[in-house]
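Every value quoted in this text rests on a predicted model; they were computed, and no experiment measured them.
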Amino acid sequence: MTKILVVDDEDSMREVLAMRLPPWGFEICLAADAAQARKVAERERPDIAILDLSLPDDSGLELLRALKRAHPRLEVVMATAFGTIDAAVEAIQYGARDFLTKPLDYERLRKILDTMVRDLAADGDRERLDKTLDESAGLGEIVGTSRPMRKLYRLLKILGANEASALITGESGTGKELVARTIHDLSARSGGRFVAVNVAAIPDTLAESELFGHEKGAFTGAVSPHPGWFEQADGGTLMLDELGEMPMTLQPKLLRVLEESKVRRLGGTRDLPFDVRMLAATNRDPRRAIEDEKLREDLYYRLNVFTLELPPLRKRLDDIPLLAQSFIRRFNRKHETAVEGLADPARERLQEYGWPGNVRELRNVLEYAVILAHDGMIQVDHLPRFIRRPAEATRPPLVLSSKVTLAEAERLLVLETLKSVGHNKAAAARRLGLDVKTIRNKLKTYEAARGGE
């Protein structure tokens with residue numbers, strides 16, 4: 001219960017407030033002068049103080065300054081029968097939250113107190129989040145204390161203590177590379193290099209050269225020797241992200257290299273031994289990828305000594321306040337802002353959203369909000385428009401004319417699905433049962449068709 005210290009030399013005023021405030025949900029402590037107020041404040045540690053400007057043994061402003069020095073978080077309302085603008089301005093400068101004249105407007109007083117209670121609660125929430133971030137926010141750089149994340153941490157500690165290969169699965173944006181780096185940091189290889197490669201970002205024609213390396217003259221443009229990923233990660237950890245996007249022709253060669261722990265550069269004549277811990281990641285269901293002939297079954301079994309499935313953000317919404325506070329800290333440093341945290345309505349809106357882009361999308365939303373808010377609390381108006389929309393708002397169903405061709409129906413379905421997941425291609429691909437490359441190719445086809453119209 002919020003505790004209020006009432007300091008007034010008039011017995012009648014103390015009695016009236018002692019009668020009115022408890023039904024509003026407050027605990028009351030009383031003082032008749034400044035000296036008594038200091039003692040009571042030290043003993044009772046009130047959350048709010050209502051101070052009379054004129055006291056028999058000291059100025060109310062001096063008492064305000066003394067109480068704020070001793071109890072910086074104390075919220076203060078000044079009250080006087082002889083209100084002046086100068087006194088009100090001085091009280092605010094010394095740290096008072098508001099200034100009332102007697103006889104008190106009790107309706108206004110209650111509104112002021114209710115606002116203070118909400119702010120005190122928000123301050124308490126921020127302090128708890130900051131303390132959690134400082135002490136036990138998660139594991140390494142991974143943030144979260146929800147049940148799915150605690151289960152994940154136990155598995156990561158087991159993996160950190162051994163050399164087993166692992167396959168990390170999860171939707172785009174769930175933090176697969178961060179998890180792989182955490183495994184590396186927890187392992188005996190933490191002193192070696194951690195090399196993370198997004199296979200989907202490498203053109204098929206360059207994938208073999210990047211993976212295994214090449215010698216000078218191995219092909220047109222190979223003007224100097226180039227060590228591949230295995231050589232670069234020697235003594236450390238190699239993570240191949242989006243493994244399901246690796247060309248099928250390259251997968252048996254990768255399997256052979258893993259089995260032999262030796263690699264031969266393109267154009268080379270000798271095998272180079274390496275010592276690498278292998279981690280792989282995919283946002284596709286590995287079994288589905290095998291069925292679709294996107295992933296070789298023997299390579300899957302070679303890498304799948306241990307499987308880690310990362311939970312999507314929508315399955316751990318309780319972590320959003322902690323994640324948000326962590327991002328707010330980071331972006332305050334980056335942009336030299338002074339944002340304190342999330343206002344409750346903004347937090348509620350974030351926890352109502354579906355997060356198709358997962359933690360990566362949350363990070364982008366928070367950076368936008370921090371820049372827009374600049375200081376104070378992030379309010380709903382600081383969030384992007386697609387977050388501000390009420391959760392119950394839904395897109396009308398897609399209705400097709402009987403004259404629409406199959407190709408046109410497919411195009412409409414792809415574009416509407418992209419809209420429904422915030423234009424996240426990976427999420428749209430999962431929803432449609434396609435791979436990301438197929439989505440990208442279809443979008444290029446649609447764009448080309450538009451250009452030719």
For [X] and [Y], work out which heavy atoms get closest and say how close.
{"X": "A164", "Y": "V305", "answer": "CB-CG1, 3.8 Å"}
{"X": "A373", "Y": "I378", "answer": "CB-CG1, 4.2 Å"}
{"X": "R316", "Y": "G144", "answer": "NH1-CA, 4.2 Å"}
{"X": "A41", "Y": "P46", "answer": "O-CD, 3.5 Å"}
{"X": "L64", "Y": "A91", "answer": "CD2-O, 3.5 Å"}
{"X": "P312", "Y": "T174", "answer": "CA-CG2, 3.9 Å"}

Crowded around [X] [atom1]? As in, over 12 foreign heavy atoms under 6.0 Å?
{"X": "E336", "atom1": "CD", "value": "no"}
{"X": "R147", "atom1": "CZ", "value": "no"}
{"X": "R288", "atom1": "CZ", "value": "no"}
{"X": "K151", "atom1": "NZ", "value": "no"}
{"X": "K315", "atom1": "NZ", "value": "no"}
{"X": "E163", "atom1": "CD", "value": "yes"}
{"X": "E309", "atom1": "CD", "value": "no"}

Is a side-chain donor or acceptor of [X] paired with a backbone partner of [Y] at a separation under 3.5 angstrom?
{"X": "N358", "Y": "R360", "value": "no"}
{"X": "T445", "Y": "N441", "value": "yes"}
{"X": "S187", "Y": "R189", "value": "yes"}
{"X": "K3", "Y": "I48", "value": "no"}
{"X": "R349", "Y": "L383", "value": "no"}
{"X": "Q251", "Y": "M246", "value": "yes"}
{"X": "R284", "Y": "G244", "value": "no"}
{"X": "Q232", "Y": "P227", "value": "yes"}
{"X": "D234", "Y": "F230", "value": "no"}
{"X": "S326", "Y": "L322", "value": "no"}

Would you call [X] and [Y] a salt bridge, using N to O less than 4.0 angstrom?
{"X": "E245", "Y": "K294", "result": "no"}
{"X": "R296", "Y": "E293", "result": "no"}
{"X": "E447", "Y": "K444", "result": "no"}
{"X": "R330", "Y": "E367", "result": "no"}
{"X": "E416", "Y": "R411", "result": "no"}
{"X": "D285", "Y": "R287", "result": "no"}

Identified side chain to side chain contact (heavy atoms under 4.5 Å, CB included) counterpart of I50 within the set L21, L5, I28, V76:
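So, applying the side chain to side chain contact (heavy atoms under 4.5 Å, CB included) to I50 and each of L21, L5, I28, V76, only L21 qualifies.
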
For a side chain to side chain contact (heavy atoms under 4.5 Å, CB included) with L366, tell me which candidate from L323, I328, I320, I371 qualifies.
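The passing option is I328.
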
Tell me, with the steps shown, if V276 and W229 meet side chain to side chain contact (heavy atoms under 4.5 Å, CB included).
CA-CA 10 Å; V276 168; W229 297 330; over 6 Å; no

Looking at Y353, Y368, W355, which one forms a ring-ring contact (aromatic ring centres under 6.0 Å, His included) with F386?
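Considering Y353, Y368, W355, a ring-ring contact (aromatic ring centres under 6.0 Å, His included) with F386 is found only for Y353.
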
Under a 3.5 Å cutoff, is there a donor and acceptor pairing between the side chains of [X] and [Y]?
{"X": "S146", "Y": "D319", "answer": "yes"}
{"X": "Q351", "Y": "R347", "answer": "yes"}
{"X": "T337", "Y": "N332", "answer": "yes"}
{"X": "T145", "Y": "R150", "answer": "no"}

Using the side chain to side chain donor-acceptor pair (under 3.5 Å) definition, which of the options R193, R181, H184 pairs with T237?
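One option only clears the test, and that one is H184.
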
Show your reasoning for whether side chain to side chain contact (heavy atoms under 4.5 Å, CB included) applies to E27 and I4.
CA-CA 6 Å; E27 183 180 346; I4 297 181; over 6 Å; no

Measure the acute angle between the ring planes of F219 and H214, then classify it against the limits of 30° and 60° as parallel, tilted or perpendicular.
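Aromatic pair F219/H214 classed perpendicular.
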
Between F331 and F327, how do the two ring planes meet: parallel, tilted or perpendicular, split at 30° and 60°?
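Geometry flag for F327 against F331: parallel rings.
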
Given D271, which partner from the list R256, R264, K262 fulfils the salt bridge (charged side-chain N to carboxylate O under 4.0 Å, His left out) test?
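Among the candidates, only R264 passes.
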
Would you say that D375 contacts V339 through its side chain, given a criterion of any heavy-atom pair below 4.5 Å between the two side chains?
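Answer no - side chains too far apart.
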
I'd like to check P286 versus T282 (side-chain heavy atoms, cut-off strictly below 4.5 Å). Are they in contact?
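SC-SC contact between P286 and T282 confirmed.
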
Let's go through L279 and L159 carefully: what are the C-alpha distance in whole Å and the side-chain angles of both, what is the deciding distance for side chain to side chain contact (heavy atoms under 4.5 Å, CB included) to 0.1 Å, and is it a yes or a no?
CA-CA 11 Å; L279 301 174; L159 271 173; 5.9 Å; no

Out of curiosity, [X] [atom1] to [Y] [atom2], how far, rounded to the nearest 0.5 Å?
{"X": "Y300", "Y": "L295", "atom1": "OH", "atom2": "CG", "value": "8.5 Å"}
{"X": "L310", "Y": "N283", "atom1": "CG", "atom2": "CG", "value": "11.0 Å"}
{"X": "S190", "Y": "I183", "atom1": "OG", "atom2": "CD1", "value": "13.5 Å"}
{"X": "L167", "Y": "L240", "atom1": "CG", "atom2": "CG", "value": "10.5 Å"}

Is the positively charged end of R65 above the ring of Y94, judged by distance under 6.0 angstrom from the centroid and angle within 45° of the axis?
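Ring-cation test returns yes.
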
For side chain to side chain contact (heavy atoms under 4.5 Å, CB included), just list the numbers for M116 and V77, CA-CA rounded to whole Å, side-chain angles, deciding distance to a tenth of an Å, and then say yes or no.
CA-CA 10 Å; M116 287 179 170; V77 179; 3.3 Å; yes

Apply salt bridge (Lys or Arg N to Asp or Glu O under 4.0 Å) to residues E297 and R302 and explain how you reach the verdict.
CA-CA 9 Å; E297 191 169 15; R302 174 62 179 78; over 6 Å; no

